[in-house]
Amino acid sequence: MDALSVTRSDATVTITLTRPERRNVLALDVLGALTDAFAEVGRSDARGVVLAAEGPVFSAGHDFADLAGADLATARHLFRTCTELMDTVQSIPQPVVARVHALATAAGCQLVATCDLAVAAASAGFALPGGRGGLFCHTPAVAVAQAVGAKRALEMALTGDVVDAATAQAWGLVNRCVPDEGLDAAVADLLARATRGGRESKGLGKQAFYAQVGRPSADAYALAVEVMAAATQTDDAREGVAAFLDKRRPDLS
């Protein structure tokens with residue numbers, strides 16, 4: 001569809017929002033297309049994903065045209081579809097890095113917060129602007145709060161003010177804030193380091209992380225113990241242990 005493109009270079013897939021004239025809004029059809037694109041990558045042999053966008057805005061979030069006159073069932077479907085996208089991003093085995101070159105607001109900010117990793121250009125910004133209007137950013141605040149904590153998320157949601165990229169890094173919303181001209185190199189460097197090692201091991205690690213994070217410590221350890229014990233039986237783990245003992249580089253999938 002004309003709202004996004006999917007390209008592959010070697011083992012990296014780049015999913016790009018390509019509707020700059022509409023500020024890359026996450027309209028219902030775009031949410032579905034993004035979900036399908038991430039799911040397809042998840043089934044492939046790709047090792048990493050970059051989420052990017054074109055134009056002066058990374059994403060302005062939901063398309064209010066989808067909400068104008070919407071009844072409760074329609075609105076519920078929209079936000080559940082958005083949640084399905086966020087769940088898909090975190091459920092696929094590949095690390096996903098958001099390449100944020102400009103302003104990301106509301107559900108666009110939610111999408112950045114949901115990605116496993118994020119690199120922002122110095123000129124980028126982040127906002128949950130619903131607090132300044134009539135529709136509070138309830139669902140975007142879930143992902144943002146998980147990234148930055150309650151007080152900072154509430155500051156963003158209540159004020160609607162734009163947080164600059166340097167502050168976003170300090171708060172934990174993004175991993176790196178870099179000069180605009182260094183954005184692509186920083187994204188490539190982070191993704192290269194995040195995808196080295198065993199693909200199977202990395203995928204299991206990502207999925208187990210999201211399953212345990214936020215749980216009480218005892219529950220988190222109970223889950224992690226079972227996953228890590230099972231992981232020792234995989235080919236990658238056995239090769240990694242053998243390589244360490246043999247003092248050689250592992251030959252991983």
Side-chain angles (χ1 to χ4, degrees), residues 1-6 13 15-43 49-92 96 98-100 102-116 118 124-148 150 153-163 173 210 214:
M1 64 181 302
D2 65 352
L4 61 89
S5 68
V6 180
V13 173
I15 300 173
T16 306
L17 297 168
T18 57
R19 200 175 277 173
E21 74 283 359
R22 299 211 56 216
R23 298 164 62 90
N24 294 315
V25 292
L26 299 178
L28 185 60
D29 61 333
V30 179
L31 293 171
L34 280 171
T35 301
D36 291 344
F38 276 107
E40 185 172 348
V41 173
R43 293 187 293 267
V49 187
V50 175
L51 175 64
E54 296 178 352
V57 174
F58 178 84
S59 176
H62 287 297
D63 186 356
F64 276 19
D66 289 334
L67 292 169
D71 60 17
L72 178 59
T74 300
R76 183 182 289 120
H77 173 65
L78 173 65
F79 297 126
R80 284 179 173 171
T81 301
C82 184
T83 300
E84 181 183 1
L85 167 61
M86 305 302 162
D87 288 343
T88 302
V89 169
Q90 294 188 342
S91 70
I92 66 172
V96 179
R99 175 196 180 276
V100 190
L103 183 65
T105 68
C109 185
Q110 176 186 5
L111 187 54
V112 174
T114 297
C115 289
D116 307 312
F126 305 86
L128 299 180
R132 293 204 309 263
L135 182 60
F136 195 81
C137 287
H138 297 279
T139 48
V142 173
V144 173
Q146 290 171 350
V148 306
L154 272 173
E155 179 179 340
M156 293 180 68
L158 291 170
T159 68
D161 292 340
V162 175
V163 172
L173 185 58
Y210 285 119

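Below, each value reflects all heavy atoms present in this structure, side chains not excepted, and no hydrogens, waters or symmetry copies.
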* **Residue from V148, V144, V142 passing side chain to side chain contact (heavy atoms under 4.5 Å, CB included) with Q146** =>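 It is V142; the other options fail the test.
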* Asked: Between N24 (side chain) and F58 (backbone), is there a donor-acceptor pair under 3.5 Å?
  ->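 Confirmed, N24 side chain pairs with F58 backbone.
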* Asked: Taking the side chain from T105 and the backbone from A60, do they hold a donor-acceptor pair closer than 3.5 Å?
  ->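 Pair found, side chain donor or acceptor close to backbone of A60.
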For residues [X] and [Y], report the shortest heavy-atom separation together with the two atoms involved.
X: P56; Y: A102; result: O-CB, 3.2 Å
X: L78; Y: L31; result: CD1-CD1, 3.9 Å
X: V6; Y: L4; result: CG2-CD1, 3.9 Å
X: G125; Y: V162; result: CA-CG1, 3.9 Å
X: A39; Y: T88; result: N-CG2, 3.9 Å
X: A153; Y: A145; result: CB-CA, 3.6 Å

Validation: residues 126-141 side-chain donor-acceptor distances under 3.5 Å, sequence neighbours left out:
from	atom 1	to	atom 2	distance (Å)
R132	NH1	G160	O	2.3

Look up atom [atom1] in [X] and atom [atom2] in [Y], then write down how far apart they are to the nearest 0.5 Å.
X: R99; Y: I15; atom1: CZ; atom2: CD1; value: 14.5 Å
X: C115; Y: Q110; atom1: SG; atom2: CD; value: 11.0 Å
X: T81; Y: M86; atom1: OG1; atom2: CE; value: 11.0 Å
X: L26; Y: R19; atom1: CG; atom2: CZ; value: 10.5 Å
X: T114; Y: L51; atom1: OG1; atom2: CG; value: 10.5 Å
X: L34; Y: S59; atom1: CG; atom2: OG; value: 8.5 Å

* Do the non-hydrogen side-chain atoms of V30 and L17 ever get within less than 4.5 Å of each other? ->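 Side chain of V30 against side chain of L17, heavy atoms only: contact under 4.5 Å found.
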* Asked: Considering residues at least two apart in sequence or located in another chain, which fulfil the ring-ring contact (aromatic ring centres under 6.0 Å, His included) criterion with Y210?
  ->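 ring-ring contact (aromatic ring centres under 6.0 Å, His included) check on Y210 returns nothing, list empty.
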* **H77 and L28: CA distance, side-chain angles, deciding distance, side chain to side chain contact (heavy atoms under 4.5 Å, CB included) verdict** => CA-CA 9 Å; H77 173 65; L28 185 60; 4.1 Å; yes
* To do: Kindly determine whether L85 and L111 satisfy side chain to side chain contact (heavy atoms under 4.5 Å, CB included), including the steps that lead there.
  => CA-CA 9 Å; L85 167 61; L111 187 54; 4.2 Å; yes
* Among pairs that include at least one residue of residues 50-63, which meet salt bridge (Lys or Arg N to Asp or Glu O under 4.0 Å), considering only residues two or more places apart or in two chains? -> R22-D63
